[in-house]
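In what follows, a single structure is set out as structure tokens and then discussed.
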Amino acid sequence: KSTAARSMALAVARGDTWLGRACAQGPVWYLAFEGRRQDIKMHFQQMDARDEDAISIFAGQAPRAVVREVQQLAECERPALIIIDTMQRFLRAKSTDDYAEMTTLLDTVIGIVKRSGATIMLLHHNGKAARATLDNVLGSTAIAGSADTVLLLSRTERYRTIRTMQRTGPDLPETVLVLDAQTGHVCLGASPSDVDRDLVGRAILVALGTTDHPLTEAEIESLVEARTKVQRRALRELVCREHVLRTGGGRKGDPYRYEVTNTCSRNGMVRDRPRIVW
């Protein structure tokens, strides 16, 4: 979440787009109350942040009167965006599960927004349990209920995803979040189902490329471990794209058989990859 937030910070400072959406340009504060100062510096350098970019960065332990100080400075300097990493280190709630306490503390944040005109982004944690909608947010429902937009980031063994729940405007459906290892920026990828299909498709091509005869679906299933629904969808896609040739009648005694097409082999699409396990 910190990586994505820093990418947003630079996009707003420059008036660029972030995850395909246009950003209003203006000064940005990035208040990092956890994480290593050197890591933060290296990431902004990796993203090619420059001195002229209007980003003010604080990295360290939150001062005791941090809320009051942010409120006073924001009213005076009027930044466009304030990113607070993390919410709990800023607000110092006794219990994030306490609805009354969180409502009171977040009313203070809303007050900063109204008096300064800034947008405030509070970084917080998801709960460990797999829950739906706004219940993903760890702690009281007052946290998500006080926000205009909730960005939900999730992590699996294969990828990270992002989706939004917004008071206004269309929600962003769950989409794979891609980190460019060279530039340090994040961007949107495909839907999780499409990524799963493509990963399984590559594994199927590897399986077919290691044999000298066509394979049945049952034989492919024994080589590629994946959910049956995902595997069948990936196989159909490979046939439609003419990466895989299907022969046979698809009935008892004459099942469908699959082999890699010559075009696919010539284009180098069949490569040695580890098995993908779901």
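The residues of the chain are indexed from 1 along the displayed sequence. Both backbone and side-chain heavy atoms feed into the values below; hydrogens, waters and symmetry mates do not. In this text the structure is predicted, and so the values were computed from the model without any measurement.
- A distance of 9.0 Å separates CG in L31 from OG in S56, rounded to the nearest 0.5 Å.
- Among pairs with a residue in residues 35-51, those fulfilling side chain to side chain donor-acceptor pair (under 3.5 Å) read R6-H43, R36-D39, D48-R50, R50-E52, at least two apart in sequence or across chains.
- Applying the side-chain hydrogen bond (donor to acceptor under 3.5 Å, both in side chains) rule to R232 yields no partners; only residues at least two apart in sequence or on another chain are considered.
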Legend entry - Criterion side chain to side chain donor-acceptor pair (under 3.5 Å) on D194 and S191, from CA distance to verdict: CA-CA 5 Å; D194 285 345; S191 67; 3.3 Å; yes
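- When all heavy atoms are compared, the tightest approach of Y159 to P192 is OH-CB, 3.4 Å.
- The distance from the OG atom of S2 to the OH atom of Y30 is 4.0 Å, given to the nearest 0.5 Å.
- D53 pairs by the side-chain hydrogen bond (donor to acceptor under 3.5 Å, both in side chains) definition with R14, not counting sequence neighbours.
- Open room surrounds CZ on R64; 12 or fewer heavy atoms of other groups in view lie less than 6.0 Å from it.
- Considering only heavy atoms from C-beta on, R163 stays 4.5 Å or farther from L153 through its side chain.
- Between V260 and H243 there is no side-chain heavy-atom pair separated by less than 4.5 Å.
- In this structure the side chain of M102 reaches within 4.5 angstrom of the side chain of M87, judged on heavy atoms.
- Once rounded to the nearest 0.5 Å, the distance linking CE of M47 with NE2 of H185 reads 5.5 Å.
- The pair E237-R233 fails the salt-bridge criterion, with no side-chain N (NZ, NE, NH1 or NH2) lying under 4.0 Å from an Asp/Glu carboxylate O.
- Here OG1 of T3 is found 9.5 Å from NZ of K1. Values are rounded to the nearest 0.5 Å.
- The side-chain heavy atoms of L188 and I162, taken from C-beta on, include a pair separated by under 4.5 Å.
- Counting only N and O atoms by type, the side chains of E174 and T161 include a donor and acceptor under 3.5 Å apart.
- Under the 4.5 Å side-chain contact rule for hydrophobic residues, V28 and V186 share a cluster.
- Considering only heavy atoms from C-beta on, V239 stays 4.5 Å or farther from R236 through its side chain.
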Inset, instruction - Take Y258 and E217 through the test side chain to side chain donor-acceptor pair (under 3.5 Å) and record every step on the way to the result. - result: CA-CA 8 Å; Y258 302 87; E217 288 190 20; 2.9 Å; yes
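- Note on F58 and M42: separate hydrophobic clusters, where clusters join Ile, Leu, Val, Met, Phe, Trp and Tyr whose side-chain heavy atoms are under 4.5 Å apart, directly or indirectly.
- Cluster annotation: L179 and I83 are assigned to the same hydrophobic cluster (Ile/Leu/Val/Met/Phe/Trp/Tyr, side-chain heavy-atom contacts under 4.5 Å, transitive).
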Inset, instruction - Begin with the C-alpha distance, continue with both residues' side-chain angles, and end with the deciding distance and a verdict on side chain to side chain donor-acceptor pair (under 3.5 Å) for T86 and Q88. - result: CA-CA 6 Å; T86 59; Q88 173 60 359; over 6 Å; no
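- Between R92 and L105 there is no side-chain heavy-atom pair separated by less than 4.5 Å.
- Using a 4.5 Å heavy-atom cutoff, the side chains of I84 and L123 are not in contact.
- Looking at heavy atoms from C-beta onward, E259 lies out of side-chain contact with L208 at the 4.5 angstrom threshold.
- Here L172 contributes atom CG and L151 contributes atom CG; the two are 8.0 Å apart, rounded to the nearest 0.5 Å.
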Inset, instruction - Take V66 and F90 through the side-chain contact (heavy atoms from CB on, under 4.5 Å) test and state the conclusion after the steps. - result: CA-CA 7 Å; V66 63; F90 177 68; 3.9 Å; yes
